[in-house]
Amino acid sequence: MAGKSRIFIDRAPTPWHLWVVGILSLLWNAVGAFDFVATQLQLESYMAQFTAVQLDFFYGFPIWVHTFWALAVWSAVAGSLALLFRSRFAVSLFVVSVISMIVTSIHNFGMANGAEIMGQASVILSVVIAVISVLLVVYSQAMLRRRVLV
């Protein structure tokens, strides 16, 4: 048709694994979102699992740590949704999440003695979360290169 611009996007077919990775990442990040919300709201039923010293640790975070924690959590959730919607923004959102997580980890384990307060399991969990987050960046970049995400 003369005079009409094409708005079609050359997009690759959706591979089956995108749905698996997208749904699993959304569920995984939803757990992180629940943890964040429960901690911020100081839900007694959730916070009862922590000692008084651990509660002081959480409740004593400076505002900038809460800000980066929120960025880490909510950009990861948004990245998972963007992945499921096949949006190229998934890459940027996962990168923001990783960078924000690094900032909070520097505070928690480098500046605030979080490993001693929270225990070795918290360090291991933080490493697992970081590895999964980096893998989501790598996966979403691969899907972008393959034109699955546009």
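Just so it is clear, the model here is predicted, and its values are computed rather than measured.
A search for ring pair (Phe, Tyr, Trp, His ring centres under 6.0 Å) contacts involving His66 returns Phe61, not counting sequence neighbours. Under the side-chain contact (heavy atoms from CB on, under 4.5 Å) criterion, Pro13 pairs with no residue, sequence neighbours left out. For Leu55, the side-chain contact (heavy atoms from CB on, under 4.5 Å) partners two or more places apart in sequence, or in a different chain, are Met47, Phe50, Tyr59. With sequence neighbours excluded, no residue satisfies ring pair (Phe, Tyr, Trp, His ring centres under 6.0 Å) with Trp19. The side-chain hydrogen bond (donor to acceptor under 3.5 Å, both in side chains) test applied to Thr14 returns Arg86, not counting sequence neighbours. In this structure, Phe68 has no ring pair (Phe, Tyr, Trp, His ring centres under 6.0 Å) partners at least two apart in sequence or on a different chain. The side-chain contact (heavy atoms from CB on, under 4.5 Å) check on Ala82 picks up Ser87, Ala90, Leu93, with sequence neighbours excluded.
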Run the side-chain donor-acceptor check on residues 108-115: report pairs under 3.5 Å with partners two or more places apart or on a different chain.
| residue | atom | partner | partner atom | Å |
| --- | --- | --- | --- | --- |
| Asn108 | ND2 | Thr104 | O | 3.4 |
| Asn113 | ND2 | Glu116 | OE1 | 3.2 |

Please report, to 0.1 Å, the donor-acceptor pairs under 3.5 Å made by any side chain of residues 129-141, with sequence neighbours excluded.
| residue | atom | partner | partner atom | Å |
| --- | --- | --- | --- | --- |
| Ser133 | OG | Ile129 | O | 2.8 |
| Tyr139 | OH | His17 | ND1 | 2.7 |
| Tyr139 | OH | Leu18 | N | 3.2 |
| Ser140 | OG | Leu136 | O | 2.9 |
| Ser140 | OG | Val137 | O | 3.0 |

Using distance only, find each side-chain donor-acceptor pair of residues 24-37 under 3.5 Å and give its atom names and separation, not counting sequence neighbours.
| residue | atom | partner | partner atom | Å |
| --- | --- | --- | --- | --- |
| Ser25 | OG | Val21 | O | 3.1 |
| Ser25 | OG | Gly22 | O | 3.0 |
| Ser25 | OG | Ser80 | OG | 2.9 |
| Asn29 | ND2 | Ser25 | O | 3.0 |
| Asn29 | ND2 | Ala76 | O | 3.4 |
| Asn29 | ND2 | Ser80 | OG | 2.9 |
| Asp35 | OD1 | Tyr46 | OH | 2.4 |

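The aromatic rings of Phe57 and His107 sit parallel, their planes meeting at an angle under 30°, below the 60° perpendicular limit.
Formation of a donor-acceptor pair under 3.5 Å by the Arg147 side chain with backbone atoms of Asp10 is found in this model. Looking only at distances, no side-chain donor or acceptor of Ser100 sits under 3.5 Å from a matching main-chain atom of Ser97.
Val123 and Val103 are assigned to two separate hydrophobic clusters, defined by single-linkage of ILVMFWY side chains at heavy-atom distances under 4.5 Å. Cluster annotation: Val20 and Leu81 are assigned to distinct hydrophobic clusters (Ile/Leu/Val/Met/Phe/Trp/Tyr, side-chain heavy-atom contacts under 4.5 Å, transitive). In the hydrophobic clustering of ILVMFWY residues, with side-chain heavy atoms under 4.5 Å counting as a link, Val127 and Leu125 come out apart. Hydrophobic clustering places Val77 together with Leu41 (ILVMFWY residues linked when any side-chain heavy atoms are closer than 4.5 Å, directly or through intermediates). Transitive grouping of hydrophobic side chains (ILVMFWY, heavy atoms separated by less than 4.5 Å) keeps Val91 and Val150 in distinct clusters.
Atom CE of Met101 and atom CZ of Phe94 lie 10.5 Å apart (nearest 0.5 Å).
Heavy-atom neighbours of Gln49 CD from other residues, nucleotides or ligands within 6.0 Å: above the threshold of 12. Counting heavy atoms of neighbouring residues, nucleotides and ligands inside a 6.0 Å radius, atom CZ of Phe89 does not exceed 12 of them.
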